[in-house]
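Scroll down for the structure; my scribbles are underneath it.
So you know, we letter chains A, B, ... as the sequences are listed, proteins then strands, and number each from 1. Reckoned from all heavy atoms, side chains included, excluding hydrogens, waters and symmetry mates.
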Number of protein chains: 2
Amino acid sequence: MKEQFFVHTDNYVKFTPAEKDLLAAVLTFRKVNAKTELVSFDKRTDQLFFLLKGCIRKYYVKDGEQITIHILTENNFVSAFDSLMTGSPSKEVIECLEPCELLTLKKADLETLYHQIPGMNELVRKLLEQTLIQFQQALTSFILDNPEERYKKLVAKNPGILQRVPQHMFATYLGITATSLSRIRKRILAKA
Amino acid sequence: MKEQFFVHTDNYVKFTPAEKDLLAAVLTFRKVNAKTELVSFDKRTDQLFFLLKGCIRKYYVKDGEQITIHILTENNFVSAFDSLMTGSPSKEVIECLEPCELLTLKKADLETLYHQIPGMNELVRKLLEQTLIQFQQALTSFILDNPEERYKKLVAKNPGILQRVPQHMFATYLGITATSLSRIRKRILAKA
DNA sequence: GATAAACGTTTACAAAAGACAAGAAATGCT
DNA sequence: AGCATTTCTTGTCTTTTGTAAACGTTTATC
């Protein structure tokens, strides 16, 4: 299953076989049930995940409500970035929505890899550049678009995801209530 | 003025004097008037900026309105990231709100530096990590907080900025109209 | 120093979204 | 298959925000 990981990294940096061995040695395979919390509220985390199979969301809890801030599927890196970087307890919860297959990488191992593998900084730099563009687009959409437009963009960009994730999770992700999303959907259907 | 730049980078990576010379050689100093557009609408950009002095905002144009998406002050990197990375025409405008002093770095020179200076990938990786945390916090705030809370956080985080930027630019930055911001300010004053 | 432009606030009215509650439909579990 | 839970929709009422326009004030510019 680690081949799938390297297929992904090959898009950014070509590691030598020896380097891949070093990396593979610190990647741990993990298979978990739906509803597993990879990172729990107010707990520190020292690892990052690569999602091989399944679907994951990140959410915050505000006034007793779960507010989804991110939804991811196969072949993406996931982590409670804030907690990982600063060492503070995580305010975001990372939860599996389906049975998932993951690779985990400890932060300490990553730090070691930065010294062992010259291309590692380059890989992470490039991954972060991609991530940053995504974040920027998401943030821009919040500023520029109303909820209806955001919903349409989400559907256009990620059609399959709607069948995998309950609607009310999307609602909070769009910054609206489930009630409101239901009305928006109705409005869109009426036009089509 | 390049010392100020290296004071900043020293927080992340310690370059040797020789490396600093290489870097300094491709940094160009620039002094511009207020209202200068560093990146214009629908133009490609091939450089990134380090702001030594002054205040800059990024904005989008939507339905003839300017929507501010970012406001920055001294000692920050600025660029139309999307355009810089993908080579596409920029949808964001970068405008100086005050007379500014900048260092500019061409993308092509940066690519060369990645090969000349081992620590360059590391520097940019670390800068991107910081930036990502900022973006994440901004995005999270949009999902979690209402406009009033976002305004309060902005003021708490950056008290001085209010005196440097017109209120209606903040309003669009918060995702609301100037009218609405005025109401929010009134409400806050009434409580205090 | 005069004039124009930009800025901040306020008002009335319209549109959108939230809160709350009820009920239908789909899904999960044993 | 049957029961419980979750999910989705709908209705009514309230709150918030947007739109548009007016007005006084500040700031720029010549």
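- Closest-nucleotide positions on DNA chain D for A:His168 and B:Gly175 were compared, and the one nearer the 5' end corresponds to A:His168.
- There is a side-chain donor-acceptor pair under 3.5 Å between A:Ser40 and A:Glu37.
- Using a 4.5 Å cut-off on side-chain heavy atoms (C-beta onward), B:Glu65 and B:Ile67 make contact.
- When the P atom of C:dC7 is taken as reference, atom CZ of B:Phe170 falls 13 Å away, rounded to whole Å.
- Phosphate contact (OP1/OP2 of C:dT9, side-chain N/O of B:Gln167, threshold under 4.0 Å): present.
- Separating the CZ atom of B:Arg187 from the C1' atom of C:dT9 is a distance of 14 Å, rounded to the nearest angstrom.
- At D:dT9, none of the side-chain N or O atoms of A:Lys186 fall inside 4.0 Å of OP1 or OP2 (strictly under the cut-off).
- Which of D:dT7, C:dG8, C:dT11 sits closest to the side chain of B:Thr179 comes down to C:dT11.
- Under the 3.5 Å distance criterion, with hydrogens and angles disregarded, no donor-acceptor pair is assigned to the side chains of A:Gln134 and A:Glu129.
- For B:Asn33 and D:dT29, the CG to P distance is 11 Å, given to the nearest whole Å.
- Rounded to a whole Å, the CD1 atom of A:Ile176 is 15 Å from the C1' atom of C:dA19.
- For the pair A:Leu174 CG and C:dA16 C1', the interatomic distance rounds to 15 Å; values are reported in whole Å.
- Side chains of B:Thr68 and B:Arg57: a donor on one and an acceptor on the other come within 3.5 Å.
- For D:dT17, the OP1/OP2 oxygens have no side-chain nitrogen or oxygen of B:Thr177 closer than 4.0 Å.
- When rounded to the nearest whole Å, the span between CD of B:Glu65 and C1' of D:dA20 equals 12 Å.
- Ring planes of A:Phe5 and A:Phe77: perpendicular class, angle over 60° (limits at 30 and 60°).
- The interatomic distance linking B:Arg185 (CZ) with D:dT16 (P) rounds to 19 Å, in whole Å.
- Nucleic acid contact class of B:Ser182 (heavy atoms, under 4.0 Å, all strands): base.
- Atom-to-atom, OH of A:Tyr151 to P of C:dA17 comes out at 14 Å; the value is rounded to the nearest Å.
- Contact of B:Arg183 with D:dG18 (side chain to base): a donor-acceptor pair of N or O atoms is detected under 3.5 Å.
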